[in-house]
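The structure under discussion appears below in the form of structure tokens.
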Amino acid sequence: MATVISNELLADGVYHLQVESGQGGEMGQFYMLRAWDAYPLLSRPLSIHLARPDRIEFLYHVVGEGTRMFAELKPGDKLQLEGPFGTGFPHVEGRIALVGGGIGIAPLYYCAHELPDSDIYLGFSREAFRTDAFRELAAELTVDVGGLILDSVDFSEYDHIFVCGPHPMLKAAQLKWIAAETSGHRPNVYLSLENRMACGIGACLVCSVSCRDGQRKACADGPVFLAEEVIFHD
Ligand SMILES: Cc1cc2nc3c(=O)[nH]c(=O)nc-3n(C[C@H](O)[C@H](O)[C@H](O)COP(=O)(O)OP(=O)(O)OC[C@H]3O[C@@H](n4cnc5c(N)ncnc54)[C@H](O)[C@@H]3O)c2cc1C
Ligand code: FES
């Protein structure tokens with residue numbers, strides 16, 4: 001069991017949770033967390049917001065029963081932390097953009113630490129959060145509230161673009177990657193697909209992703225996939 005260091009409310013329903021742990025992890029990987037015994041049945045996946053030698057940080061949005069129980073955690077409380085799991089973002093070089101939408105900014109903070117010369121684009125539908133923390137790490141920071149953050153990103157300026165956000169944003173990033181062919185320069189676009197999960201370890205197929213080479217598992221083969229690999233059905 002891991003011990004909660006802090007669990008701070010940052011914005012409406014958005015919390016920054018810090019937990020004592022030396023388990024670490026890579027950028028884009030996730031943990032399965034539970035702060036209860038039997039109900040809900042399943043642990044809940046959260047991306048690594050930052051991994052330090054003595055702690056793991058998470059950023060989460062309260063959407064249902066499990067995350068509501070996370071929001072009740074106080075310093076000193078215990079929770080179960082399994083991981084790190086998944087295949088995350090690669091360590092790359094060149095011109096890099098990190099593009100996050102809403103709570104999708106969570107895994108990009110770790111990327112900003114690991115890839116400190118990146119340009120960062122953060123989009124929010126109503127209220128911005130964690131922007132000051134990102135500003136300290138960004139070569140350049142662009143924040144948008146109420147619009148479409150992807151509209152601010154010129155794909156021809158970058159070699160690698162990491163995207164995490166709601167499903168329509170990921171699909172729009174893929175379309176933008178396809179359209180970039182006409183500019184003569186197409187970056188590598190990596191999408192973090194936070195599909196619903198059950199086991200988190202590749203055993204149940206709940207997180208199945210349609211890819212050009214067949215069905216793959218978001219929890220083990222991903223959650224990060226190249227934009228060109230994924231087939232979006234809706
Ligand atoms: C790899 C991965 C990393 C994630 N990282 C983060 C993170 O860093 N921060 C964060 O806040 N959330 C993250 N999520 C989403 C998070 O796991 C869910 O919000 C959480 O499991 C919901 O649990 P709940 O019991 O509160 O809500 P539930 O009662 O299970 O669901 C409440 C509502 O949320 C919807 N929902 C649940 N899970 C998802 C999902 N994965 N995608 C879209 N809608 C969903 C349900 O359809 C339902 O409408 C991640 C998911 C994955 C798969
Ligand atoms: S969540 Fe079970 S296989 Fe991915």
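Q80 and S43 share no side-chain donor-acceptor pair at under 3.5 Å. Checked by atom type, the side-chain pair S208/K217 shows no donor-acceptor distance below 3.5 Å. Residues H160 and R95 bring no donor and acceptor atom of their side chains to less than 3.5 Å of each other.
Inter-residue side-chain proximity for H49 and R130 is flagged as met; some heavy-atom pair is nearer than 4.5 Å. Looking only at side-chain heavy atoms (C-beta outward), F155 and I161 come within less than 4.5 Å of each other. The shortest distance between side-chain heavy atoms of H113 and M27 does not fall below 4.5 Å. The shortest distance between side-chain heavy atoms of L193 and N195 falls below 4.5 Å. Q18 has its side chain out of reach of E8: every pair of non-hydrogen atoms, C-beta onward, lies at least 4.5 Å apart. For the pair V163 and M169, the minimum side-chain heavy-atom distance is below 4.5 Å. By the 4.5 Å heavy-atom criterion applied to side chains, L115 and E93 are not counted as neighbours. Looking at I48 and P84, their side chains come closer than 4.5 Å, going by heavy atoms from C-beta outward.
Using cut-offs of 30° and 60° for the angle between ring planes, the Y60 and F70 rings count as perpendicular. Ring planes of F134 and Y109: perpendicular class, angle over 60° (limits at 30 and 60°).
Taking CZ from F30 and OG from S192, the interatomic distance works out to 9.5 Å, rounded to the nearest 0.5 Å. Here the straight-line distance linking atom SG of C164 with atom CG of L170 works out to 7.0 Å at 0.5 Å rounding. Taking CG of L191 as the reference point, atom CH2 of W177 lies at 10.0 Å (rounded to 0.5 Å). Atom CG of D117 and atom CD of E140 lie 12.5 Å apart (nearest 0.5 Å). Rounded to the nearest 0.5 Å, atoms CD1 (I96) and OG (S118) are 4.5 Å apart. The structure places CG of L10 at 9.5 Å from CD of E127, a figure rounded to the nearest 0.5 Å.
Side-chain atoms of K176 do not come within 3.5 Å of backbone N or O of D154 as any donor-acceptor pair. Between the T87 side chain and the A220 main chain, a donor and an acceptor come within less than 3.5 Å of each other. Of the possible polar contacts, none joining the Y121 side chain to the D151 backbone as a donor-acceptor pair under 3.5 Å is found. Panel note: side chain R186, backbone G184; no donor-acceptor pair is recorded below 3.5 Å. R34 places a side-chain N or O within 3.5 Å of a backbone atom of D37 that can act as its donor or acceptor partner.
Smallest separation of non-hydrogen atoms from I56 and F58: CG2-CZ, 3.5 Å. For W36 against R44, the heavy-atom pair with the smallest separation is CH2-CG, 3.7 Å. Nearest heavy atom pair, residue V62 against residue T67, reads CA-OG1, 3.5 Å. Shortest non-hydrogen contact noted between Y158 and H185 is O-NE2, 2.5 Å. Across all non-hydrogen atoms, the minimal contact from A2 to L81 is CB-CD2, 4.0 Å. Summarising the geometry of I5 relative to V19, their closest heavy-atom pair is CD1-C, 3.8 Å, with the distance given to 0.1 Å.
Each of E229, R216, H233 was compared with S210 under the side chain to side chain donor-acceptor pair (under 3.5 Å) criterion, and only H233 meets it. The side-chain contact (heavy atoms from CB on, under 4.5 Å) with S152 is formed by just one residue from the set L122, T142, D119; it is T142. F124 pairs in a side-chain contact (heavy atoms from CB on, under 4.5 Å) with only one of the listed residues (I105, I103, D144, I149), which is I105.
No continuous path of hydrophobic side-chain contacts links V99 to V143 [ILVMFWY only; heavy atoms under 4.5 Å]. Hydrophobic clustering, with ILVMFWY side chains joined whenever heavy atoms are under 4.5 angstrom apart, keeps V230 apart from V206. With hydrophobic clusters built from ILVMFWY side chains whose heavy atoms lie under 4.5 angstrom apart, L42 does not share a cluster with L33. Linking Ile, Leu, Val, Met, Phe, Trp and Tyr whenever their side-chain heavy atoms come within less than 4.5 Å leaves V209 and V224 in two separate clusters. Y15 and M32 are members of different hydrophobic clusters when ILVMFWY side chains are connected at heavy-atom separations under 4.5 Å.
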Using the ring-ring contact (aromatic ring centres under 6.0 Å, His included) rule, take F162 and Y190 through it: C-alpha gap first, then chi angles, then the decisive distance, then the call.
-> CA-CA 5 Å; F162 294 0; Y190 298 89; 5.5 Å; yes
*Yes or no on ring-ring contact (aromatic ring centres under 6.0 Å, His included) for H167 and F232, after CA distance, side-chain angles and deciding distance?*
CA-CA 9 Å; H167 196 80; F232 288 105; 5.2 Å; yes
Side chain to side chain contact (heavy atoms under 4.5 Å, CB included) between S21 and R55: does it pass, once the steps are laid out? CA-CA 5 Å; S21 169; R55 69 185 63 188; over 6 Å; no
| side chain to side chain contact (heavy atoms under 4.5 Å, CB included) evaluation trace for R196 with C207 | CA-CA 6 Å; R196 293 219 66 165; C207 66; over 6 Å; no
With side chain to side chain contact (heavy atoms under 4.5 Å, CB included) as the criterion, how do Y31 and L46 come out once you've worked through the C-alpha distance, each side chain's angles and the decisive distance to 0.1 Å?
CA-CA 6 Å; Y31 275 83; L46 293 182; 5.9 Å; no
Run N188 and D159 through side chain to side chain contact (heavy atoms under 4.5 Å, CB included) and show every step you take.
CA-CA 6 Å; N188 295 314; D159 300 309; over 6 Å; no
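We find that K74 and D77 are not joined by a salt bridge, their nearest charged nitrogen and carboxylate oxygen being 4.0 Å or further apart. Residues E57 and R52 are paired through a salt bridge, judged by an N-O separation under 4.0 Å between the basic side chain and the carboxylate.
Counting heavy atoms of neighbouring residues, nucleotides and ligands inside a 6.0 Å radius, atom CG of D12 does not exceed 12 of them. In this structure, D213 places its CG atom where more than 12 heavy-atom neighbours from other residues, nucleotides or ligands lie under 6.0 Å away. Within 6.0 Å of the CZ atom in R212, the count of heavy atoms belonging to other residues, nucleotides or ligands exceeds 12.
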